[in-house]
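Just so we're on the same page: letters track the sequence lines, and every chain starts at 1. No hydrogens, no waters, no symmetry mates; every other heavy atom, side chains included, goes into these values.
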There are 2 protein chains.
Amino acid sequence: MSEPRSRRALADNPAVHDQVYEAIRQALITGRIAPGVGVSLRSLAAELGVSPMPVRDAVRRLVAERALAINPANKRLSVPSLTAARLEQLSQARLWIEPELAARAAPRADAALIKLLQTIDAEVDTALTLGDVDRYMTANHRFHFAIYERAEADVLLSMAGGLWLQIGPFMRVVFGRVGADGLVADRHAEALGALKAGDAEGARRAIAADLSEGMDKMRVAVEAGG
Amino acid sequence: MSEPRSRRALADNPAVHDQVYEAIRQALITGRIAPGVGVSLRSLAAELGVSPMPVRDAVRRLVAERALAINPANKRLSVPSLTAARLEQLSQARLWIEPELAARAAPRADAALIKLLQTIDAEVDTALTLGDVDRYMTANHRFHFAIYERAEADVLLSMAGGLWLQIGPFMRVVFGRVGADGLVADRHAEALGALKAGDAEGARRAIAADLSEGMDKMRVAVEAGG
DNA sequence: GGCCAACAATTGCGATCACAATGCAAGGCC
DNA sequence: GGCCTTGCATTGTGATCGCAATTGTTGGCC
């Protein structure tokens with residue numbers, strides 16, 4: 001990392017702190033970083049092969065998005081612990097924002113989006129049959145946000161992104177307790193049909209049902225001993 | 001700022017980047033920073049008398065909260081511009097989250113909170129009669145969040161905080177166009193009554209009405225030429 | 001006189017260093 | 001042997017420096 005790092009155009013070459021952000025973000029979404037454990041700037045920096053500085057920047061963003069928590073006394077940072085109260089609030093927020101995004105996306109859904117979603121959904125199913133947790137979570141995330149991005153509502157979209165970031169660690173708990181089979185029943189097909197028909201309310205209902213079922217499973221998993 | 005910083009406990013002495021964050025946050029909430037104008041780290045640092053470093057940290061947080069925007073090409077930062085689409089999304093998000101927080105706070109409202117709210121509301125009225133815009137906005141913010149904090153829902157609370165940060169510049173536009181008289185009709189008394197009675201649904205309705213009237217005014221102001 | 005190229009100033013990003021505070025563990029004292 | 005204290009390693013924070021890229025300006029050329 002003392003490498004001089006040949007300079008490159010800005011657009012196609014994201015800054016280091018953005019790469020670090022994405023790395024930690026992916027680790028959180030897929031639940032690779034367990035809740036409660038403490039992480040340090042320097043350890044993260046060493047692990048990613050960069051200086052502590054861009055890690056500081058990335059961590060600031062993640063703390064602002066509540067994807068990481070910082071102990072006010074120690075100033076030491078960790079992944080927020082999974083409490084029932086947190087999950088309940090995150091569920092409620094998701095259940096409002098994400099169906100709304102799906103409803104807004106419905107009238108804008110074109111053939112290209114449908115085709116993309118079908119591809120992603122096939123990937124989701126593949127990951128499920130293989131029991132590949134990381135792959136499932138990544139594909140599921142892509143499926144939902146491919147829809148949401150079509151809503152052309154950047155404020156709500158970023159809120160949804162923040163919520164997924166916070167819910168990621170919970171999802172890993174679900175898989176840890178009920179196994180990959182526990183999430184087989186999704187409403188992706190239903191959502192796809194509604195989008196294809198341009199049915200906003202149908203898309204809203206489908207996503208709401210999909211979320212609701214997933215969050216219910218998380219709830220019982222957390223109550224079982226989160 | 002080469003001052004050595006006399007040793008002090010951490011809790012009662014916030015870090016510099018937190019102070020910077022609060023300073024910029026206040027400037028945004030009260031609308032002292034106009035939308036569209038560009039700011040630089042070094043200029044902010046010089047203005048606040050600190051090094052660019054804590055300003056970077058504060059700006060990262062604000063960008064993550066979408067209170068500041070960063071041009072992907074220049075990487076130069078500015079206050080997000082006021083568009084009708086943005087306002088509409090912010091309105092919808094606020095209209096869901098804030099009444100919910102008020103409803104959750106209602107059963108927890110005690111005499112001390114009521115008294116505090118009465119004091120703040122008097123301050124709001126004073127600011128209104130004086131036509132002191134900054135003072136009104138600060139007091140109004142304190143009124144709402146004194147309620148919301150009682151909901152004991154930290155996830156939703158932080159979401160509400162982020163929304164106020166984004167809506168701040170819009171509020172200044174309202175005052176600029178309709179004058180301080182335009183916001184005289186608030187529903188604070190109604191909300192206070194509902195909280196005193198522990199009436200969750202009443203508090204929800206009062207806050208929803210308060211928000212909705214304010215957002216309507218902003219909408220016409222923005223459409224008039226934001 | 002107007003346009004373009006080269007120069008200078010500014011800006012964001014990343015690295016490194018310094019420092020105070022905390023956490024941790026080994027060692028001494030009762 | 002158990003508890004406290006002392007010492008060292010680690011951590012977050014802030015400052016300063018260097019670099020590359022962009023911006024604003026000035027000078028020269030046609």
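- OP1 or OP2 of dG23(C) sits under 4.0 Å from a side-chain N or O of Asn74(A).
- For Ser51(B), no side-chain nitrogen or oxygen approaches OP1 or OP2 of dG14(D) to under 4.0 Å.
- Rounded to whole angstrom, the span from the CE atom of Met53(A) across to the C1' atom of dC19(D) amounts to 15 Å.
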Donor-acceptor contacts under 3.5 Å from residues 113-122 of chain B side chains, at least two apart:
{"residue": "Thr119(B)", "atom": "OG1", "partner": "Lys115(B)", "partner atom": "O", "Å": "3.0"}
{"residue": "Asp121(B)", "atom": "OD1", "partner": "His188(B)", "partner atom": "ND1", "Å": "3.0"}

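- Remark: Arg150(B) engages Asp110(B) in a salt bridge, criterion side-chain N to carboxylate O under 4.0 Å.
- Comparing dT23(D), dG14(C), dG14(D) by their closest approach to the side chain of Asp57(B) singles out dG14(D).
- With hydrogens and angles ignored, a donor-acceptor pair closer than 3.5 Å exists between the side chain of Arg42(A) and the base of dG12(D).
- With dT13(D), dC13(C), dG14(C) as the choices, the nucleotide that has an atom nearest any side-chain atom of Val16(A) turns out to be dG14(C).
- Note: Tyr148(A) and Phe145(A) have perpendicular aromatic rings, judged against thresholds of 30 and 60 degrees for the angle between ring planes.
- Rounded to an integer number of Å, the gap from Leu77(B) CG to dT11(C) C1' is 10 Å.
- Look at Arg60(A) and you'll find a side-chain N or O under 4.0 angstrom from OP1 or OP2 of dT13(D).
- Taking atom CG on Leu68(B) and atom P on dG12(C), their separation rounds to 12 Å, with Å as the unit.
- In this structure, Val39(B) reaches the sugar-phosphate backbone alone: every heavy-atom distance under 4.0 Å involves primed, P, OP1 or OP2 atoms, never a base.
- Rounded to whole angstrom, the span from the CG atom of Leu44(B) across to the P atom of dT10(C) amounts to 16 Å.
- One can place CG of Leu41(A) at 7 Å from P of dT13(D), the figure rounded to the nearest angstrom.
- For Ala15(A), the listed nucleotide lying nearest its side chain is dC13(C); candidates were dG14(D), dC13(C), dT13(D).
- Arg142(A) and Glu123(A) are not joined by a salt bridge, as no carboxylate oxygen comes within less than 4.0 angstrom of a charged side-chain nitrogen.
- Side-chain contact of Gln26(A) with Tyr21(A): a donor-acceptor pair under 3.5 Å is absent, judged by distance alone.
- When the P atom of dT11(D) is taken as reference, atom CD1 of Ile70(A) falls 14 Å away, rounded to whole Å.
- Considering only the side chain of Arg76(A), dG23(C) comes nearest among dG23(C), dG14(C), dG12(C).
- Residue-to-nucleotide contacts include no donor-acceptor pair under 3.5 Å from the side chain of Arg56(A) to the base of dG14(C).
- Closest to the side chain of His17(A), from the set dC13(C), dG14(D), dT16(D), is dC13(C).
- Rounded to an integer number of Å, the gap from Asp18(B) CG to dG14(D) C1' is 13 Å.
- Contact check, Ser40(A) against dT11(D): a side-chain N or O comes under 4.0 Å of OP1 or OP2.
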